[in-house]
Each structure stands twice: as structure tokens, then as C-alpha cells.
Amino acid sequence: MIALDTDVLAVYHVFHRDLRYETTTRFFEKIAGQTKAVAIFNLLELCGILACAKKAQDSKALFDSVIGAEDVVVLFPNIVTVDDKDFWATLVSECFARIQKGMRLGDAAILWTLETCGNNCTFITWNTRHFKEKTAINILTPSEFLLSVS
């Protein structure tokens, strides 16, 4: 399964003047019809980008469209907890373990989510340096993905 990072989604949905927009659009054309995965943290981060740009209505509409899309799976960390305290202890320890590898909190939460949902995905991001050598998950830019399937 192909999992998408916030930066790829933001270029595609918001930043149409970005130099990476054309490649990002070709990437989305190439994966049209395939099921895509988005970690809940990526979706919330994308909605935050829109809301900060004073587009709260667009943010809510995008959230609803992604949640309701038939070709998108929203991933949540796969954890089993006994109570609220156990949930928070797990969240903190799992994120902190990844932070210790040199990651920021948002990236750590995203990577934790992807890893607990199985390592059989390819994570597409423009920021490969944030993730490579920190996980067994395959990490590619949209450009690298396009080259790999040509």
C-alpha cells in the first residue's frame, strides 16, 4: 500500500505554484484508482495548514472528503491499552523512541502509526531525510516512485 506524507498532500491540494507540483500531480495520476493510506496525524497536519491559511471551511471539507473517500484508508496507531493512562504512556514511549532517532514529534507519530499498521507500505514524502535509515518501511519521493514504476 502507498502511504502519503503531509508535504505530498499539501503540494497536491494547496501549493499549486510549488516547483514540485507537476511531479506530484504525475504521481497522483499514476496511483489513481489504487488504495492510498494516510496516517491520521498527516490528515490533521494538512487540515492545520489550510486552517492557518485562513481556510477553515476548506480544511473541514478536505477532512470530510478524505475520511469518506473509498480509495483512502486513514491509519491510526495500532495499540492495545487497558486504560487512558496506559494509552498515554504508550503514545509517549513510542513517540519518544523515534524522537531519540532524531525525529520531530509529528514525524515520530506518523512513523509510529505506519510501523504499527505493518511495514508493507511504501511511504511517499518529499522529506525522505526525515525518515530514511530510521525505519524498515520503504521511503520514496514522488519522483523516485515514478522512476521505479516506469
Side-chain angles (χ1 to χ4, degrees), residues 1-28 30-31 34-56 58-60 62-67 69 71-81 84-149:
M1 180 176 297
I2 295 169
L4 305 170
D5 197 10
T6 308
D7 60 345
V8 174
L9 293 165
V11 168
Y12 185 70
H13 289 288
V14 182
F15 301 115
H16 298 171
R17 293 183 185 164
D18 189 291
L19 295 175
R20 301 166 296 181
Y21 180 72
E22 182 181 321
T23 302
T24 303
T25 299
R26 281 190 287 121
F27 163 75
F28 273 95
K30 191 71 163 177
I31 63 168
Q34 294 182 40
T35 300
K36 297 160 268 308
V38 177
I40 187 62
F41 301 106
N42 290 116
L43 179 56
L44 292 171
E45 190 173 37
L46 179 62
C47 291
I49 290 169
L50 281 169
C52 286
K54 307 221 184 296
K55 296 182 178 185
D58 294 345
S59 174
K60 175 70 170 119
L62 181 62
F63 182 87
D64 291 342
S65 71
V66 170
I67 291 289
D71 64 341
V72 177
V73 175
V74 178
L75 303 175
F76 293 84
N78 186 13
I79 60 173
V80 177
T81 60
D84 289 346
K85 187 176 180 180
D86 190 31
F87 169 82
W88 288 106
T90 301
L91 182 137
V92 170
S93 67
E94 292 292 341
C95 287
F96 194 72
R98 287 156 185 85
I99 288 168
Q100 292 298 292
K101 294 179 181 180
M103 303 186 89
R104 293 182 179 173
L105 174 59
D107 290 343
I110 290 161
L111 186 58
W112 171 45
T113 302
L114 296 176
E115 289 175 341
T116 61
C117 292
N119 288 343
N120 60 347
C121 73
T122 296
F123 188 52
I124 307 298
T125 179
W126 284 110
N127 296 315
T128 57
R129 63 180 163 64
H130 292 188
F131 298 94
K132 280 195 175 177
E133 299 179 17
K134 297 172 185 165
T135 184
I137 293 172
N138 189 28
I139 310 290
L140 297 173
T141 65
S143 300
E144 293 168 336
F145 178 86
L146 291 169
L147 287 172
S148 74
V149 295

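Small disclaimer: the values here were computed from a predicted structure and weren't measured.
- Across all their heavy atoms, Ala108 and Cys95 have their closest contact at CB-O, 3.7 Å.
- The backbone N or O of Arg20 sits nowhere less than 3.5 Å from a side-chain atom of Thr23 that would complete a donor-acceptor pair.
- Counting only residues at least two apart or in different chains, ring pair (Phe, Tyr, Trp, His ring centres under 6.0 Å) contacts with residues 88-112 are absent.
- The OG1 atom of Thr6 sits 11.0 Å away from atom NE2 of His13, with the distance rounded to the nearest 0.5 Å.
- Surrounding CD of Glu133 are at most 12 heavy atoms belonging to other residues, nucleotides or ligands under 6.0 Å away.
- Here Phe131 and Phe123 bring their ring centres to under 6.0 angstrom of each other.
- Pairing each heavy atom of Ala39 with each of Thr113, the nearest pair is CB-CG2, 3.9 Å.
- Summarising the geometry of Ile2 relative to Phe27, their closest heavy-atom pair is CG2-CZ, 4.0 Å, with the distance given to 0.1 Å.
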**Prompt:** How far apart are the C-alpha atoms of Lys30 and Leu146, what are their side-chain angles, what is the distance that settles it, and do they pass the side chain to side chain contact (heavy atoms under 4.5 Å, CB included) test?
**Reply:** CA-CA 8 Å; Lys30 191 71 163 177; Leu146 291 169; 3.9 Å; yes
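- Within 6.0 Å of CG in Leu19 there are 12 or fewer heavy atoms belonging to other residues, nucleotides or ligands.
- Within 6.0 Å of atom NZ in Lys134, more than 12 heavy atoms from other residues, nucleotides or ligands are found, so the atom counts as buried in its surroundings.
- To the nearest 0.5 angstrom, Ile99 atom CD1 is 11.0 Å from Ser93 atom OG.
- Two residues are said to be in side-chain contact when any heavy atoms from C-beta on lie closer than 4.5 Å; Ile137 and Cys121 meet this criterion.
- With respect to Asp5, the side chain to side chain donor-acceptor pair (under 3.5 Å) criterion is satisfied by exactly one of Asn127, Thr128, Thr141, Thr125: Thr125.
- Looking only at side-chain heavy atoms (C-beta outward), Lys36 and Asp71 come within less than 4.5 Å of each other.
- Counting only heavy atoms from C-beta outward, the side chains of Leu4 and Asn42 never approach each other to under 4.5 Å.
- The two residues His16 and Val11 come nearest to each other via the heavy atoms CD2-O, 3.7 Å.
- What you find for Thr116 and Asn78 is that their closest heavy atoms are OG1-N, 2.9 Å.
- Using a 4.5 Å heavy-atom threshold, the side chains of Val8 and Pro142 count as touching.
- Judged as a side-chain contact (heavy atoms from CB on, under 4.5 Å), and not counting sequence neighbours, the contacts of Ser65 are Leu62.
- Rounding to the nearest 0.5 Å places CD1 of Ile110 at 10.5 Å from NE2 of His130.
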**Message:** Could you walk me through whether Val72 and Thr35 satisfy the side chain to side chain contact (heavy atoms under 4.5 Å, CB included) test, starting with their C-alpha distance in whole Å, then the side-chain angles of each, then the deciding distance to 0.1 Å, before giving a yes or no?
**Reply:** CA-CA 6 Å; Val72 177; Thr35 300; over 6 Å; no
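- The two residues Val38 and Leu43 have their closest heavy-atom pair at CG1-N, 3.8 Å.
- Although no hydrogens or angles enter the test, the distance criterion places a donor-acceptor pair under 3.5 Å between the side chain of Asp7 and the main chain of Trp126.
- In this structure, Tyr21 and Tyr12 have parallel ring planes: the angle between them is below the 30° cut-off, well short of the 60° mark.
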